[in-house]
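Before any comments, here is the structure.
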Amino acid sequence: MEEWIEQLQNSVNTLEKLKEYINVTPQEEEGITTLNTQWGTTPYFASLMVRDDPNCPIRKQVVPSVKEKENRYGIPNYLIWKENRATDEIRPDSIARQYFDRIAFTVTDVCANYCRHCFRKELVVDRDLKLRMDVEEGLDWIREHEEIRDVLVTGGDPFILSDERIEYLIRKLREIPHIEMIRFGTRTPIVLPHRITQSLMKVLSKYHRVPLWVNTQCNHPNEITEKTAQAVYDLLSCGVNVGNQAVLLKGINDDVESFRKLHQKLLTVRIRPYYVFYCEPAPGIDHFRTPVEKGAELIRDALRGHTTGLAQPMYVIATNIGKIPLMPDYYLVDKNEKEYTLKNYKGEITTLPNIPD
Ligand SMILES: *Cc1c(COP(=O)(O)O)cnc(C)c1O
Ligand code: SF4
């Protein structure tokens, strides 16, 4: 049997199995036994958890917490609001639209790791929202909408689908003349790097008119291993670009050191930071959320000037009207008819002439 399927079949999703990897605290045990939720991870990702540290950044993303029962700030029916499912435009359940030229295409609700902070929690983790993830219906809609240039295949995790299903999806999308690029959002390079097999590489490989892009989700430097490096290298060697979409998570990566190390370490395994998302106001994840300004402060204090521009993600808040950038704005201190006054990351000041229009 292929190793990645074995990993999925041996999912660490019971208290007994979890105890093989960590010393479970009474609070964690209460979360596991009292929440009615989908949870679990791969044996590989579980092995990266720190046995005796309840604050381990990986553990907090994996083990259900009683705090998920609290919901002061979450927006009810979050996905319906966020993905514009209550608008006049009639779309299949699988298509989420916020932009003119691109859409998110949800093809599965299965994941290798059920992230506790998932903004699709209602669909993927709590499973109280039922959507029809009919691929044919989605493909028909995309075929009929010639303004769509860019399809973002998402889930759940689309790389949990079989090689045959992935091959079929890519082939059908590439047959549509107006599709110029295909993106996959998958956490497999991080939580299940074994998924990038020789046979999947065959499916993704070769030069094509319509390129493939992968964006993964890595939130803490501890999630990056030699196996990640190999999986990313294999994807790149198929002509697939690999980016990262981190989520800003309280107590996990909202300190300067973890945030900087995360972005530096991503580059050491050839992953290009793309976005850092503000943790969305989905129900039951209040405990992961920071103030909105936090992400911009971290970019200012941990990244900009402190490390290469290649390590700079864009900090955005994902809303029902699209992603809104919230980058730090300390650079331009002053401007008059003669000159601009600019400030760098150390607080040093310089001036540049202002050229009239
Ligand atoms: C995030 C998202 C996209 C892609 O946005 P980019 O900024 O192009 O990466 C497209 N559609 C929906 C519904 C999204 O949530
Ligand atoms: S892999 Fe993505 S969709 Fe799946 S639980 Fe994690 S954040 Fe949610």
Side-chain angles (χ1 to χ4, degrees), residues 8 11 13 37-42 45 58 60-62 64 68 78-85 87 89 91 93-127 129 131 133 138 142 145 147-161 180-192 195 213-219 223 241 243-249 252 272-280 282 284-285 288 313-325:
L8 288 175
S11 171
N13 56 7
T37 181
Q38 182 84 21
W39 73 280
T41 191
T42 58
F45 203 53
I58 294 180
K60 284 187 183 169
Q61 296 178 58
V62 169
E68 292 173 37
Y78 182 71
L79 275 189
I80 303 289
W81 171 79
K82 160 77 192 301
E83 297 187 338
N84 290 315
R85 296 180 179 280
T87 56
E89 188 185 67
R91 288 186 298 272
D93 279 5
S94 60
I95 307 283
R97 185 174 202 181
Q98 292 167 346
Y99 299 104
F100 179 72
D101 74 335
R102 57 205 191 280
I103 46 115
F105 184 16
T106 308
V107 297
T108 176
D109 58 3
V110 177
C111 294
N113 182 74
Y114 289 95
C115 315
R116 303 324 302 167
H117 56 273
C118 178
F119 78 91
R120 294 239 166 92
K121 205 175 172 66
E122 298 151 293
L123 174 73
V124 175
V125 178
D126 296 340
R127 296 185 168 258
L129 175 68
L131 294 181
M133 277 156 296
I142 295 166
H145 287 75
E147 73 278 18
I148 303 298
R149 307 167 40 253
D150 170 4
V151 173
L152 168 48
V153 183
T154 182
D157 194 322
F159 272 15
I160 299 304
L161 299 177
E180 295 175 13
M181 56 189 276
I182 303 167
R183 295 191 265 174
F184 283 89
T186 172
R187 247 199 127 169
T188 54
I190 301 300
V191 300
L192 182 60
R195 177 64 188 101
W213 297 71
V214 159
N215 275 311
T216 192
Q217 184 197 143
C218 177
N219 301 319
E223 294 168 37
N241 285 287
N244 189 51
Q245 308 193 143
V247 184
L248 178 60
L249 297 167
I252 292 177
R272 175 73 161 88
Y274 177 42
Y275 280 137
V276 167
F277 287 105
Y278 178 64
C279 183
E280 298 182 35
I285 57 173
F288 285 116
M314 186 179 293
Y315 176 49
V316 294
I317 176 159
T319 75
N320 60 323
I321 54 170
K323 296 173 181 69
I324 300 188

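Residue numbers run from 1 in the order of the sequence given. Remember, it's a predicted structure, so these values are computed and weren't measured experimentally. All ligand and atom numbering here is 1-based and tracks the order in the structure.
Contact annotation: Ala96 has at least one heavy atom less than 4.0 Å from an atom of ligand 1. Residue Lys82 places no heavy atom under 4.0 Å from ligand 1.
Contact of the Tyr78 side chain with the Lys121 side chain is not registered, since no non-hydrogen atoms from C-beta on lie closer than 4.5 Å. Tyr315 places a side-chain heavy atom less than 4.5 Å from the side chain of Leu248. The side-chain heavy atoms of Glu68 and Trp39, taken from C-beta on, include no pair separated by under 4.5 Å. No side-chain heavy atom of Ile252 sits under 4.5 Å from any side-chain heavy atom of Val247. Looking only at side-chain heavy atoms (C-beta outward), Ile160 and Leu8 come within less than 4.5 Å of each other. In this structure, the side chains of Glu223 and Val191 stay at 4.5 Å or more apart for every pair of heavy atoms. For the pair Asp109 and Met133, the minimum side-chain heavy-atom distance is below 4.5 Å.
Between Tyr99 and ligand 1, a contact under 3.5 Å exists for no N or O pair. Note: an N/O pair closer than 3.5 Å links Lys323 and ligand 1 by distance alone. The distance criterion of under 3.5 Å between nitrogen or oxygen atoms is not met by Arg97 with respect to ligand 1. Close N/O approach between Arg102 and ligand 1 is found [any backbone or side-chain N/O within under 3.5 Å].
Backbone or side-chain N, O or S atoms of Cys118 do not reach atom 4 (Fe) of ligand 2 at under 2.8 Å.
The proximity of Asp150 to ligand 1, defined as any non-hydrogen pair under 4.0 Å, does not occur for either the backbone or the side chain.
Taking every non-hydrogen atom of Leu152 and a distance limit under 4.0 Å, the qualifying atoms of ligand 1 come out as 3 (C), 4 (C). Per-residue contacts place Gln217 under 4.0 angstrom from the following atoms of ligand 2 (heavy atoms of the residue considered): 7 (S). Atoms of ligand 2 lying under 4.0 Å from at least one heavy atom of Gly156, given by number and element, are 3 (S). Residue-ligand proximity, Asn113 to ligand 2, at heavy-atom distances under 4.0 Å covers atoms 1 (S), 4 (Fe), 5 (S), 6 (Fe). The contact set between ligand 1 and Arg183, taken as ligand atoms under 4.0 Å from a residue heavy atom, comprises 4 (C), 6 (P), 8 (O), 9 (O). Atoms of ligand 1 found under 4.0 Å from any heavy atom of Tyr274, numbered from 1 in the order shown, are 6 (P), 7 (O), 8 (O), 9 (O). Short contacts between ligand 2 and Cys111, defined as distances under 4.0 Å to a heavy atom of the residue, involve ligand atoms 1 (S), 3 (S), 4 (Fe), 5 (S).
For atom 12 (C) of ligand 1, the closest heavy atom belonging to the protein is Gln98 OE1, 3.7 Å. When hydrogens are left out, the protein atom nearest atom 7 (O) of ligand 1 is Tyr275 OH, 2.5 Å; that is the closest non-hydrogen contact. Remark: minimum distance from atom 6 (Fe) of ligand 2 to any protein heavy atom is reached at Cys115 SG, 2.3 Å.
Ring pair Phe159/Phe184 is tilted by interplanar angle, where 30° to 60° counts as tilted.
Heavy atoms from other residues, nucleotides or ligands lying under 6.0 Å from CH2 of Trp81 number more than 12.
Side-chain contact of Arg195 with Thr186: a donor-acceptor pair under 3.5 Å is absent, judged by distance alone. A donor-acceptor contact closer than 3.5 angstrom is absent between the side chains of Gln61 and Asn113.
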